[in-house]
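This report concerns only the one structure given below.
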Protein chains: 2
Amino acid sequence: MVRNYPEISVCNAQCPSRQVLDLIADKWTAIVIYCLSKGTKRYSELQREIGGISQKMLTQTLRSLERDGIVSRMVYPVVPPMVEYSLTPLGETLIEPLCQLCKWAETHIPEVEAARNRYDRKLL
Amino acid sequence: MVRNYPEISVCNAQCPSRQVLDLIADKWTAIVIYCLSKGTKRYSELQREIGGISQKMLTQTLRSLERDGIVSRMVYPVVPPMVEYSLTPLGETLIEPLCQLCKWAETHIPEVEAARNRYDRKLL
DNA sequence: CTGTATCCTGTAGGATACTG
DNA sequence: CAGTATCCTACAGGATACAG
């Protein structure tokens with residue numbers, strides 16, 4: 001089945017790409033994917049590696065990503081429970097654009113901070 | 001001046017790259033930048049092209065981007081007022097990673113929608 | 001260990017009206 | 001035209017406690 005979209009563009013409010021972008025546009029999604037891009041991780045590993053995330057948000061983010069087919073969840077029937085998370089093939093295709101964004105963030109910190117200081121000083 | 005960061009990584013809650021990522025991680029920022037990547041635009045043009053954005057959010061997003069040195073604001077002293085927005089050189093460096101993300105969103109809509117349907121059906 | 005269930009708060013962000 | 005100012009609401013997201 002082929003659906004017919006009025007116009008494929010993030011600028012178009014009706015375009016589903018907006019929903020996809022919305023998914024990325026929360027506090028944790030990008031970071032979780034970034035973390036999983038380095039390989040399969042257990043729940044507790046993710047929690048440990050991602051500084052500041054709450055259980056609720058980690059679970060919620062992972063569920064959402066699972067629903068979207070970006071993350072797969074592997075449950076091992078052992079005691080105590082063990083659950084592994086990894087990126088799906090679809091999820092893998094997100095690594096490059098997302099990592100570029102994270103790299104950008106990591107690389108351009110000083111410039112942004114400088115710009116902010118300049119701007120704030122002007123306002124006085 | 002060179003600042004010394006404990007560890008440069010988006011996974012680190014103390015890393016300023018988190019702040020930068022937070023900036024992108026709202027509903028409109030990515031879309032506004034995407035729009036400006038196609039050239040200088042007036043306020044009203046942006047509002048017209050970006051479906052669903054309110055005046056408040058457009059102004060707020062633009063101010064924030066200006067503060068971060070990503071967008072520059074050019075005011076022409078005419079009546080009625082005319083204000084042009086464009087990307088700064090720093091802002092230009094964001095185009096590629098951001099556009100890749102938008103492209104991803106536009107390209108992978110069907111897969112994500114399919115995954116969601118699959119997931120939701122399983123839950124019944 | 002991997003979650004769920006609640007409660008609670010701040011704030012993102014929409015709607016509307018007004019201004020130089 | 002390019003914004004402010006205000007009001008209002010939904011919901012993101014943290015803290016805490018509990019469960020299988």
Seminar exercise, completed: On a heavy-atom basis, the closest approach of B:R67 and A:D120 is NH1-OD2, 2.6 Å

Exercise. Taking only N and O in the side chain of A:R42, is any of them less than 4.0 Å away from OP1 or OP2 of C:dT2?
Worked result: yes

Exercise. What are the two closest non-hydrogen atoms of A:L90 and B:H108, and how far apart are they?
Worked result: CD1-CD2, 3.4 Å

Exercise. Do side-chain atoms of A:Y119 reach the backbone of B:S64 as a donor and acceptor pair under 3.5 angstrom?
Worked result: no

Exercise. Has A:S44 got a side-chain N or O lying under 4.0 Å from the OP1 or OP2 atom of C:dT2?
Worked result: yes

For this session: Report yes if at least one side-chain N or O of A:R48 is closer than 4.0 Å to OP1 or OP2 of C:dT2; otherwise report no.
Result: no

Seminar exercise, completed: Between OH of A:Y43 and P of C:dG3 the distance, given in whole Å, is 6 Å

Seminar exercise, completed: Atom CG of B:L62 and atom P of D:dA2 are separated, to the nearest Å, by 11 Å

Problem set entry | Length of the line joining A:L58:CG and C:dT4:P, which is rounded to integer Å | 11 Å

Problem set entry | D:dG3 OP1/OP2 closer than 4.0 Å to side-chain N/O of B:R73 | yes

Seminar exercise, completed: Going 5' to 3' through nucleotides 7-20 of chain C and flagging B where a protein heavy-atom sits under 4.0 Å of the base, S where only the sugar-phosphate is that close, and - otherwise, we get B-----BBB-B--B

Exercise. Ignoring hydrogens and geometry, is there a side-chain-to-backbone donor-acceptor pair from A:R73 to A:Y85 under 3.5 Å?
Worked result: no

For this session: Indicate yes or no: at least one non-hydrogen side-chain atom of B:L62 is less than 4.5 angstrom from one of B:L46.
Result: yes

Exercise. Given C:dG3, is OP1 or OP2 found less than 4.0 Å from the side-chain N or O atoms of A:Y85?
Worked result: yes

Problem set entry | Degree of bending in the helix from C:dC1-D:dG20 to C:dG20-D:dC1 once both end axes are built from five pairs, to 10° | 50°

Seminar exercise, completed: Atom CD of B:E45 and atom C1' of D:dG3 are separated, to the nearest Å, by 16 Å

For this session: Give the rounded distance in Å between these two atoms: CD of B:E66 and P of D:dA2.
Result: 15 Å

Problem set entry | Check: B:G69 main-chain N/O paired with B:T88 side-chain donor or acceptor under 3.5 Å | yes

Exercise. With respect to A:K41, which candidate in A:E49, A:R48, A:E84 satisfies the side chain to side chain contact (heavy atoms under 4.5 Å, CB included) definition?
Worked result: A:E49

For this session: Compare every heavy atom of A:C35 with every heavy atom of A:I50, then report the nearest pair and how far apart it is.
Result: CG1-SG, 3.8 Å

For this session: Please name all residues satisfying salt bridge (charged side-chain N to carboxylate O under 4.0 Å, His left out) with A:E106, sequence neighbours left out, ordered by chain then number.
Result: A:K103

